[in-house]
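Single-structure report; data block below.
Here the structure is a predicted model, which means the values were calculated and not measured. Residue numbers run from 1 in the order of the sequence given. Values below: all heavy atoms of this structure, side chains included; hydrogens, waters and symmetry mates excluded. Start at 1 and go down the list; that is how both ligands and their atoms are numbered.
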Amino acid sequence: MSSDDDRGRQRAGSAAAPAPHPPGARRRGLLFIVSAPSGAGKTTLVERLVEQTPDLTMSRSYTSRPPRGGETDGVDYNFVSRHRFEAMVRDGEFLEWASLYGNLYGTCAADTENLLSAGRDVVLVIDVQGARKGRAAGVPTCTVFVMPPTFAILEQRLRGRSKDSEAEIQRRLQVARDEVAAFSEYDFVIVNDEVTSAVDRLHSIVVAERARLQRMHDEAETIVRTFS
Ligand code: ADP
Ligand code: 5GP
């Protein structure tokens, strides 16, 4: 899954629509995908978003990348060896996965399914390739692309984060040049100029998706019945 040129775009409405469910059954959660070039601030925004949004969970990815200082296994990522990650790929355990900056990153299909079937809405913070794979697999999603205000600001943020070597920063900036061009494949675009305002816009998207007709249909029918 490491390379892909599928540029199919999916509308939020059809994408986020859950399957009909029997009255009284637990409503299936919605799946959101947030992508952005590394350093644009997607983790910062989504962490704030889930803090202020009930029933919304950020998915924890698997990666073969070693933990950075301050990162904890089972919190920031599930850190696994490349060997273990490749075995999981062979066993079909990933909903999507990608090879980035020499490391492997992926979303566990079973973890995601457990959350969705328990009625939790889930956000995947994944790269452009992973989002394409999700769409190509027909996974219903609402997708959001986060952009830095400019290239120079992206560079400042990557440096300010002080987590990567200079070579790594240069590599991420190079990849970012391709990634930003993918914005038009997404349902929504957020420019991360100021954190609070960008989180508010992300929150509005979640609220709007939750109010879509297909999601609200059964509850609305129940209300209609009280009129008869
Ligand atoms: P990503 O997850 O996209 O790689 P991060 O969330 O780690 O990016 O953010 C990169 C750096 O930019 C962090 O140091 C973060 O604190 C900072 N940052 C994020 N959003 C903003 C913003 N709107 N204004 C200024 N700095 C920001
Ligand atoms: P980092 O090494 O900075 O934590 O992440 C590098 C990139 O990997 C980011 O663009 C991040 O969104 C992406 N990423 C993290 N987890 C996943 C995942 O599960 N799948 C995919 N496709 N990308 C991921």
Practice task
Give the C-alpha distance, both sets of side-chain angles, the deciding distance and a yes or no for ring pair (Phe, Tyr, Trp, His ring centres under 6.0 Å) between Phe85 and Phe94.
Solution key: CA-CA 10 Å; Phe85 194 106; Phe94 289 115; 4.5 Å; yes
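Side chain to side chain, Asn103 and Thr63 fail the donor-acceptor criterion of an N or O pair below 3.5 Å. Counting only N and O atoms by type, the side chains of Arg48 and Thr44 include no donor and acceptor under 3.5 Å apart. Using a 3.5 Å distance cut-off with no hydrogens or angles, the side chains of Gln174 and Gln170 do not pair a donor with an acceptor.
Taking 4.5 Å as the limit, some side-chain heavy atom of Arg27 sits within range of a side-chain heavy atom of Met216. Contact check for Cys108 versus Leu95: no side-chain heavy atoms found under the 4.5 Å cut-off. Side-chain contact between Arg60 and Asp111 is absent, with no heavy atoms from C-beta onward closer than 4.5 Å. Side-chain atoms of Ser184 and Phe145, non-hydrogen and from C-beta on, never get closer than 4.5 Å to each other. Between Ile190 and Ile205, some side-chain heavy-atom pair lies under the 4.5 Å cut-off. Proximity of Ser117 to Arg28: side-chain heavy atoms (C-beta onward) are separated by under 4.5 Å at one or more points. Residues Arg132 and Arg135 are in side-chain contact: their nearest non-hydrogen atoms beyond the backbone lie under 4.5 Å apart.
Interface atoms of ligand 2 facing Gly130, defined by a heavy-atom separation under 4.0 Å, are 22 (N). Close approach to Ala98 involves these atoms of ligand 2, each under 4.0 Å from a residue heavy atom: 22 (N). Atoms of ligand 2 found under 4.0 Å from any heavy atom of Arg65, numbered from 1 in the order shown, are 1 (P), 2 (O), 4 (O). Below 4.0 Å from some heavy atom of Leu100 lie the following atoms of ligand 2, by number and element: 7 (C), 8 (O), 13 (C), 23 (N). Near Thr107, meaning under 4.0 Å from any of its heavy atoms, are these atoms of ligand 2: 19 (O).
The closest protein non-hydrogen atom to atom 24 (C) of ligand 2 is Tyr105 CB, 3.6 Å. Annotation: atom 20 (N) of ligand 2 to nearest protein heavy atom, Glu96 OE2, 2.8 Å. The protein non-hydrogen atom at the shortest distance from atom 19 (O) of ligand 2 is Ser61 OG, 2.7 Å. Protein heavy atom in closest approach to atom 11 (C) of ligand 2: Lys42 CE, 3.9 Å. Closest to atom 23 (N) of ligand 2 among all protein heavy atoms lies Asp127 N, 3.2 Å.
The contact shell of ligand 1, taken as protein residues with any non-hydrogen atom closer than 4.0 angstrom, comprises Pro37, Ser38, Gly39, Ala40, Gly41, Lys42, Thr43, Thr44, Arg157, Arg161, Asn192, Asp193, Glu194, Val195.
At a 4.0 Å cut-off, not a single heavy atom of Gln129 sits close enough to ligand 2 to count as contact. In this structure, Lys133 does not count as a contact residue of ligand 2, since none of its heavy atoms falls inside 4.0 Å of the ligand. By the 4.0 Å heavy-atom criterion, Arg68 is counted among the residues contacting ligand 2.
Between Arg172 and Glu168, at least one side-chain N (NZ, or NE/NH1/NH2) sits under 4.0 Å from a carboxylate O, which counts as a salt bridge. A salt bridge between Arg159 and Glu155 is present, with a side-chain N of the basic residue lying under 4.0 Å from a carboxylate O of the acidic one.
In terms of N/O distances under 3.5 Å, ligand 2 is not approached by Arg161.
Between Trp97, Tyr101, Tyr62, Tyr77, it is Tyr77 that holds the heavy atom closest to atom 1 (P) of ligand 2.
Geometrically, Arg65 does not engage Tyr101 in a cation-pi contact defined by less than 6.0 Å to the ring centre and at most 45° from the axis.
Contact annotation: for Arg172 versus ligand 2, heavy atoms closer than 4.0 Å belong to the side chain alone.
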